[in-house]
Amino acid sequence: MTNPYVPILVMMGVAALLALGGVGASALIGPKVYSRAKLEAYECGIQPTPHAVGHGRFNVKYYLVAMTFIIFDIEVVFLYPWAVAFHGLAVFGLVAMMGFLALITVPYIYEWRRGALNWD
């Protein structure tokens, strides 16, 4: 009998090899044309300046969009395994997931009140 973790380790090794191979291949055979625009810092479509426009802050909408993505991404990541193991978790799983969903609604309501869901 072999160790049950061997296939996982082999898969991790293959994934690492493919990732490093892709990065290495692009470094070797990719174009090496550098321009001033390519070497500048890129900050979410806004021209980087020493200070924000009018010495104020960036618009909070950028951060709210990122927060929305993270909130819903985390929610989906936890909902799929819960749905798969729903019968085995019984009442404890249901109560835990309802608590999680209640906790997730707090940032959602915050973003809703701040106007992150209203697209201009």
Side-chain angles (χ1 to χ4, degrees):
M1 275 236 184
T2 62
N3 191 342
Y5 291 107
V6 170
I8 295 172
L9 292 174
V10 169
M11 187 178 292
M12 288 173 55
V14 169
L17 183 68
L18 285 173
L20 293 174
V23 170
S26 69
L28 288 175
I29 61 176
K32 302 201 179 20
V33 178
Y34 298 107
S35 65
R36 185 173 184 210
K38 274 189 168 183
L39 296 175
E40 285 186 13
Y42 179 75
E43 296 180 9
C44 62
I46 299 173
Q47 289 295 328
T49 58
H51 301 289
V53 176
H55 299 288
R57 298 183 192 186
F58 281 116
N59 190 354
V60 75
K61 201 161 244 193
Y62 292 111
Y63 305 109
L64 290 177
V65 169
M67 200 164 98
T68 303
F69 173 75
I70 291 170
I71 289 168
F72 291 118
D73 192 39
I74 289 172
E75 184 177 6
V76 168
V77 164
F78 283 116
L79 280 175
Y80 276 123
W82 172 75
V84 169
F86 179 71
H87 291 294
L89 295 174
V91 175
F92 171 74
L94 181 65
V95 170
M97 190 50 65
M98 291 303 120
F100 173 71
L101 290 175
L103 241 158
I104 283 293
T105 58
V106 171
Y108 176 71
I109 291 171
Y110 170 77
E111 289 187 9
W112 190 358
R113 292 213 171 179
R114 292 293 297 209
L117 304 176
N118 297 332
W119 296 102
D120 298 330

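In this chain, numbering begins with 1 at the start of the sequence shown.
Following chains of ILVMFWY side-chain contacts shorter than 4.5 Å, one cannot reach V95 starting from I104, and the two form parts of different hydrophobic clusters. The hydrophobic clustering, which links ILVMFWY residues whose side-chain heavy atoms are closer than 4.5 Å, places M98 and V84 apart. Hydrophobic clustering keeps L17 apart from V23 (ILVMFWY residues linked when any side-chain heavy atoms are closer than 4.5 Å, directly or through intermediates). Under the 4.5 Å side-chain contact rule for hydrophobic residues, V106 and I70 do not share a cluster.
Taken from CG in L103 to CD1 in I71, the straight-line distance is 11.0 Å, to the nearest 0.5 Å. Rounded to the nearest 0.5 angstrom, F92 CZ and M97 CE are separated by 10.5 Å.
Each ring pair (Phe, Tyr, Trp, His ring centres under 6.0 Å) pair with one or both residues in residues 10-34, not counting sequence neighbours, would appear here, but there are none. Within the structure, the side-chain hydrogen bond (donor to acceptor under 3.5 Å, both in side chains) test picks out the following pairs touching residues 68-82 (sequence neighbours left out): T68-E111.
When hydrophobic side chains of Ile, Leu, Val, Met, Phe, Trp and Tyr are connected at separations under 4.5 Å, L28 ends up clustered with I29. Through side-chain heavy atoms spaced under 4.5 Å, either directly or across other Ile, Leu, Val, Met, Phe, Trp or Tyr residues, V77 is tied to no other residue.
Residue F100 places its CZ atom among more than 12 non-hydrogen atoms of other residues, nucleotides or ligands, all under 6.0 Å distant.
The side chain to side chain contact (heavy atoms under 4.5 Å, CB included) search around S35 returns A37, K38, not counting sequence neighbours.
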Let me have the donor-acceptor pairs involving side chains of residues 5-12, under 3.5 Å, with sequence neighbours excluded, atom names and distances please.
none

